[in-house]
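First listed ligand is number 1; within each ligand, the first listed atom is number 1.
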Amino acid sequence: MTDDVREPIRVGVLGARGRVGTEVCRAVDAAEDLELVAMVDQGDWLFNVSDAGAQVVVDFTTPDVVMDNLHWCVDQGIHAVVGTTGFTPQRFDRVRSWLAHKPEVGVLVAPNFGIGAVLMMQFAARAARYFDSVEIIEQHHPRKLDAPSGTAIHTAKLVAEARAAAGLGAMPDATKDEVPGARGAEIDGVRVHSVRSAGLVAHQEVLFGTTGETLTIRHDSLDRASFMPGVLLGVRSIASRPGLTIGLDALLED
Ligand SMILES: NC(=O)C1=CN([C@@H]2O[C@H](COP(=O)(O)OP(=O)(O)OC[C@H]3O[C@@H](n4cnc5c(N)ncnc54)[C@H](OP(=O)(O)O)[C@@H]3O)[C@@H](O)[C@H]2O)C=CC1
Ligand SMILES: O=C(O)C1=N[C@H](C(=O)O)C[C@H](O)C1
C-alpha cells in the first residue's frame, strides 16, 4: 500500500498587501494543500517569487502593471491565476503569443471569481435573447481605479453576443438631448452605468425589459471572502490547464 500524500502547491501572491491580495494570502495560508511561499507588493523584488519556488502566482494588482507581471510569470514557467482588471482582446492576444513559447504554462484570467457573479453572467447571457432592452448597473467601492468594472464589460460582451446570435437589433431609445454620461458608457451596444460609493464592495444588476415585463438579475459581493473559493479553485486547477483560460466557467464544469 502506498501513501497518497501530495506535496502542497507552492503559491506566490502579487498585490499581497492590497484589499483582495490580503484575503488571498489568508485563504492560501489556511488551505492544507497549498503553501504560501511569496508575498509581493509594489516595490518588492519579483524574483522573490521564483526564488521561493512558486508553482502558481495569484495576481490582484492594477491594470497598469498586470501585463508585465504576467509576462514575467510565463517566461519563468510559473502558472498564473489573474483577477486584475484591464484585459482587452489585444491584451489576451499578447498573452497567447507569450504562451506559444511556453505551451506547458497555464494562465487563468477571470473578470470575477465570485461563484454567484459567474452564475449572474451566465443567467444574463441566457436571458438576453428574450428581451428588447438590457442595461447594466454596476456598483463598487470608491477606491476602485477602473470604470466600468471588468465584470460589467464581460457581461455586456456576453449579452451582446447572445443578442446578435438571436438576430436582435438596436435597443429602443428615443434620447435626443443628453447630458454627457447620462446614458452611461456603451460597451458593444449595451449601456453600462457605474456607481461608486462608500459602503459598497462589488455589486451588479442586469436589467432586462420587454413588453409588459422586466427581469432584474442581481449579484452582491458583500465581502472579498466571496472571491476566495473561485481563486482557490483556479490555483488548484491551473497546472492541468495549459494555455489561456478566460473566466471561471470552464473550471466550474470540470
Ligand atoms: N476578478 C475578481 O474576482 C476581482 C478582481 N478585482 C480586481 O483586482 C485588482 C486589485 O483590486 P484591489 O485588491 O481592490 O486593489 P488594491 O489597490 O487594494 O490592491 C492592489 C495592490 O497591488 C499593489 N501593486 C501595485 N503595483 C504592483 C506591482 N508592480 N507588483 C505587486 N504589487 C503591486 C498595490 O500597491 P500600492 O497600493 O502601493 O499601489 C496594492 O497593494 C483590481 O483590478 C480589481 O478590479 C478585485 C476583486 C475581485
Ligand atoms: O475592484 C473591485 O473591487 C472588483 N473588481 C472586479 C471588476 O472590475 O469586475 C471584480 C469585482 O467586481 C470587484
If you measure from atom 6 (N) of ligand 1 to every heavy atom of Ser221, Gly83, Ala202, which option wins on shortest distance? Gly83
So what's ligand 2 close to, N/O to N/O, under 3.5 Å?
| residue | atom | partner | partner atom | Å |
| --- | --- | --- | --- | --- |
| ligand 2 | 1 (O) | Lys144 | NZ | 2.9 |
| ligand 2 | 3 (O) | His141 | NE2 | 3.0 |
| ligand 2 | 5 (N) | Lys144 | NZ | 3.2 |
| ligand 2 | 8 (O) | Lys144 | NZ | 2.7 |
| ligand 2 | 8 (O) | Gly150 | N | 2.8 |
| ligand 2 | 9 (O) | Gly150 | N | 3.2 |
| ligand 2 | 9 (O) | Thr151 | N | 2.7 |
| ligand 2 | 9 (O) | Thr151 | OG1 | 2.5 |
| ligand 2 | 12 (O) | His140 | NE2 | 2.6 |

Identity and distance of the protein heavy atom lying nearest atom 28 (C) of ligand 1: Val65 CG2, 3.9 Å
Asp173 vs Arg183 side-chain heavy atoms within contact, under 4.5 Å: yes
Ligand-side contact atoms (ligand 1) for residue partner Arg17, heavy atom cut-off under 4.0 Å: 41 (O)
Can you report which non-hydrogen protein atom sits closest to atom 17 (O) of ligand 1, along with the distance? Arg19 NH2, 3.5 Å
Looking only at protein heavy atoms, which one is nearest to atom 35 (O) of ligand 1, and what is the separation? Asp41 OD1, 2.9 Å
Nearest non-hydrogen protein atom, atom 8 (O) of ligand 1: Phe60 CD2, 3.4 Å
Do you reckon Phe227 sits in the same ILVMFWY cluster as Val11, going by side-chain contacts under 4.5 Å, direct or chained? yes
In the protein, what heavy atom is nearest to atom 10 (C) of ligand 1, and what distance, to one decimal place, separates them? Thr61 O, 3.1 Å
Cluster check Val109, Val58: I/L/V/M/F/W/Y, side chain < 4.5 angstrom: no
4.5 Å side-chain heavy-atom contact, Ile78 and Val56: no
Can you name the atoms of ligand 1, numbered from 1 with element, that are less than 4.0 Å from a heavy atom of Asn112? 1 (N), 2 (C), 3 (O)
To which protein heavy atom is atom 33 (C) of ligand 1 closest, and what is the distance rounded to 0.1 Å? Gln42 N, 3.4 Å
Using the rule side chain to side chain donor-acceptor pair (under 3.5 Å), only one of Thr62, Thr151, Asp146 pairs with Thr85; which is it? Asp146
How far apart are the C-alpha atoms of His140 and Val201, what are their side-chain angles, what is the distance that settles it, and do they pass the side chain to side chain contact (heavy atoms under 4.5 Å, CB included) test? CA-CA 5 Å; His140 280 82; Val201 178; over 6 Å; no
For Gln204, does its backbone N or O pair with a side-chain atom of His219 as donor and acceptor, under 3.5 Å? no
May I ask you to decide if the ring planes of Phe92 and Phe87 are parallel, tilted or perpendicular, using 30° and 60° as cut-offs? parallel
Pro111, any N or O under 3.5 Å of ligand 1 N or O: yes
Just to confirm, does any protein heavy atom lie below 4.0 Å from atom 37 (O) of ligand 1? no
Sidechain N-carboxylate O distance under 4.0 Å for Glu205, Arg218: yes
Under 4.0 angstrom from ligand 1, any heavy atom of Lys144? yes
Would you say ligand 1 has an N or O under 3.5 Å from any N or O of His141? no
Could you tell me if the side chain of Arg236 sits less than 4.5 Å from the side chain of Asp33, heavy atoms only? yes
With side chains defined as the heavy atoms from C-beta onward, is the minimum distance between Val206 and Met120 less than 4.5 Å? yes
N or O pair under 3.5 Å between Val20 and ligand 1: yes
Looking only at heavy atoms of Ala110, does any of them come nearer than 4.0 Å to an atom of ligand 1? yes
Measuring from Ile217:CD1 to Ile136:CD1, what's the distance to the nearest 0.5 Å? 10.0 Å
Over 12 foreign heavy atoms within 6.0 Å of CZ, Arg96: yes
Quick check: is Leu34 connected to Val37 through a chain of hydrophobic side chains (ILVMFWY, heavy atoms under 4.5 Å apart)? no
Do me a favour and list the nearest non-hydrogen protein atom to atom 19 (O) of ligand 1 with residue, atom name and distance? Gly18 CA, 3.3 Å
Which residue supplies the protein heavy atom nearest to atom 43 (O) of ligand 1, what is that atom called, and how far is it? Thr85 OG1, 2.7 Å
